[in-house]
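Structure, as structure tokens:
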Amino acid sequence: SEQTMERSPFQGEKLQSDSWSVPCLWTFTNLFELWAFGFRWEDLACFFDSIPFTLRPLILNALSLLEDNLKHRISLLKDAHTQYDAHYESESVMFEMQNECGFLEYHLNPDTGERRGVSVNCQLAWLWNMTRPVLLHKLANYDLDFFCPEADFLRLLVDDILHEFEDGERYFRMFASVDRMRRAVLVQWSVMRRYNAVGQCYMVRHLIRTVTPAEYDAAARSRPHTCPLYALGDTRCGAALLDDCAADACVPLRALPAHALAAFLPPLRAKCATLRSRACSAPVP
């Protein structure tokens, strides 16, 4: 696996690249792992800038409240010592060797968001039609394309906010390479995070397994909270999501119709109200 110190996008209130710098409102601690995933920072900055104005204040408010809550928890535990998981290395090797699902894992500097290294397996590289060295190179250089349409990516972000970035599994669609053709697949995507003694995330692990349309539909019926597309207004069945993926990818985020945006508003407003209430009742350090 690649284990090198890497540059960080976080420099004060600016998002930095080798040749450009743009103002960025989206440097919240809970988004460290998104910036560190390996996407092109320019693409992420454009994605955030394209979030419709109907939703942007609510999303920023929720992220700000989550940030305040996180800082409060850290302040209560500020005298604790940072502890890392002693089983990390052996577990990484184990997942790199298995071929039942794609595997991606990276460490973060919990204070700065700087990514410290990446591990992937051959199954994930195969899913994205790359060799493992090529995929590691793209991740190390932050040169990865988005793996789904922008509207889906927005639903994944909002779902993370609504669930306060908790671990778990989610079902959605993503682009993959099948017989060297770029096509859509449905996946079960599981995320597990590890935290130090003061509650800061220092490791993120992703496990990606392809599923059938029938498996997706069953999850949407019985566990809709695990299906961000379904839960946030896109109630198409799994087969229709696959059929429509290429067309959906051509729709820019700012062109989402009003009825699609309306599905985001009630849960975001409710989450902001919950977070504000929690902040008012939080103990003073």
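Between Glu164 and Arg278, at least one side-chain nitrogen of the basic residue sits less than 4.0 Å from a carboxylate oxygen of the acidic one, meeting the salt-bridge criterion. By the 4.0 Å N-to-carboxylate-O rule, Arg173 lies close enough to Asp248 to be salt-bridged with it. Using a 4.0 Å cut-off between a side-chain N of Lys or Arg and a carboxylate O of Asp or Glu, Asp160 and Arg170 qualify as a salt bridge.
With hydrogens and angles disregarded, a donor-acceptor distance shorter than 3.5 Å links the side chain of Ser222 to the backbone of Ala218. Checking side-chain atoms of Ser64 against main-chain N and O of Leu60 turns up no donor-acceptor pair under 3.5 Å. Arg205 places no side-chain N or O within 3.5 Å of a backbone atom of Met192 that could act as its donor or acceptor partner. Of the possible donor and acceptor atoms, none in the side chain of Tyr202 sits under 3.5 Å from a partner among the backbone N and O of Arg193. A donor-acceptor pair is defined here as one N or O able to donate and one able to accept, closer than 3.5 Å; no such pair exists between the side chain of Asn121 and the backbone of Gly102. One N or O on the side chain of Trp35 and one on the backbone of Trp26 form a donor-acceptor pair closer than 3.5 Å. Thr226 places a side-chain N or O within donor-acceptor distance of the main-chain N or O of Arg223, the cut-off being under 3.5 Å. In terms of modelled atom types and a separation under 3.5 Å, the side chain of Asn141 and the main chain of His137 share a donor-acceptor contact.
When all heavy atoms are compared, the tightest approach of Leu136 to Val118 is CD2-O, 4.0 Å. The minimum heavy-atom distance linking Leu261 with Pro52 is given by the pair CD2-CG, 3.7 Å. Residues Pro266 and Ala263 approach most closely at CD-O, 4.0 Å, considering heavy atoms. Leu232 and Arg155 get closest at one heavy-atom pair: O-NE, 3.2 Å. Of all the heavy atoms in Pro213 and Leu242, the pair that sits closest is CG-CD1, 4.0 Å. Of all non-hydrogen atoms in Leu65 and Cys272, the two that sit nearest each other are CD1-O, 3.6 Å.
Looking at heavy atoms from C-beta onward, Phe165 lies in side-chain contact with Leu31 at the 4.5 angstrom threshold. Using a 4.5 Å cut-off on side-chain heavy atoms (C-beta onward), Cys101 and Leu207 make contact. Looking only at side-chain heavy atoms (C-beta outward), Leu124 and Ile208 come within less than 4.5 Å of each other. At a threshold of 4.5 Å between non-hydrogen side-chain atoms, the residues Thr29 and Cys201 do not count as touching. Contact check for Met130 versus Lys138: side-chain heavy atoms found under the 4.5 Å cut-off. Residues Leu55 and Leu265 meet the side-chain proximity criterion, which asks for heavy atoms closer than 4.5 Å. Side chains of Pro110 and Phe32 form no contact here, defined as non-hydrogen atoms less than 4.5 Å apart. Using a 4.5 Å heavy-atom cutoff, the side chains of Asp145 and Trp128 are not in contact.
Rounded to the nearest 0.5 angstrom, Tyr106 OH and Glu33 CD are separated by 5.0 Å. Atom CG of residue Leu268 and atom CG of residue Leu58 lie 5.5 Å apart, to the nearest 0.5 angstrom. Atom CG of Leu34 and atom CZ of Phe28 lie 12.5 Å apart (nearest 0.5 Å). Here the SG atom belonging to Cys122 is positioned 10.0 Å from the CG atom belonging to Leu135, to the nearest 0.5 angstrom. Taking CG of Asn30 as the start and CG of Leu63 as the end, the distance is 7.0 Å to the nearest 0.5 Å. Rounded to the nearest 0.5 Å, atoms CG (Leu144) and CZ (Phe39) are 6.0 Å apart.
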Working for side chain to side chain contact (heavy atoms under 4.5 Å, CB included), residues Tyr230 and Arg236: CA-CA 7 Å; Tyr230 185 89; Arg236 287 174 289 181; over 6 Å; no
Stepwise side chain to side chain contact (heavy atoms under 4.5 Å, CB included) test for Leu157 and Ile51: CA-CA 11 Å; Leu157 171 65; Ile51 291 177; 4.3 Å; yes
Evaluation steps, salt bridge (charged side-chain N to carboxylate O under 4.0 Å, His left out), between Arg209 and Glu169: CA-CA 10 Å; Arg209 179 180 70 87; Glu169 65 181 29; over 6 Å; no
Criterion side chain to side chain contact (heavy atoms under 4.5 Å, CB included) on Glu215 and Leu186, from CA distance to verdict: CA-CA 9 Å; Glu215 287 179 276; Leu186 297 165; over 6 Å; no
Residues Phe47, Leu154; criterion side chain to side chain contact (heavy atoms under 4.5 Å, CB included); working and verdict: CA-CA 9 Å; Phe47 166 78; Leu154 178 62; 4.1 Å; yes
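A donor and an acceptor atom, one from each side chain of Glu105 and Ser119, are nowhere located under 3.5 Å apart. A donor-acceptor contact closer than 3.5 angstrom is absent between the side chains of Asp68 and His72. Looking at Asp111 and Gln200, their side chains do bring a donor and an acceptor atom within 3.5 Å of each other.
Checking each of Tyr171, Phe147, Phe103, Tyr216 against Trp189 for a ring-ring contact (aromatic ring centres under 6.0 Å, His included) leaves exactly one that passes, namely Phe147.
Taking the ring centre of Tyr142 as origin, the terminal cationic atom of Arg115 falls inside the region bounded by 6.0 Å and 45° from the ring axis.
Within the structure, every pair that satisfies the salt bridge (charged side-chain N to carboxylate O under 4.0 Å, His left out) test and touches residues 252-268, not counting sequence neighbours, is listed here: Asp49-Arg254.
Note on Leu156: it does not cluster hydrophobically with Val251, by side-chain heavy-atom contacts below 4.5 Å among ILVMFWY residues.
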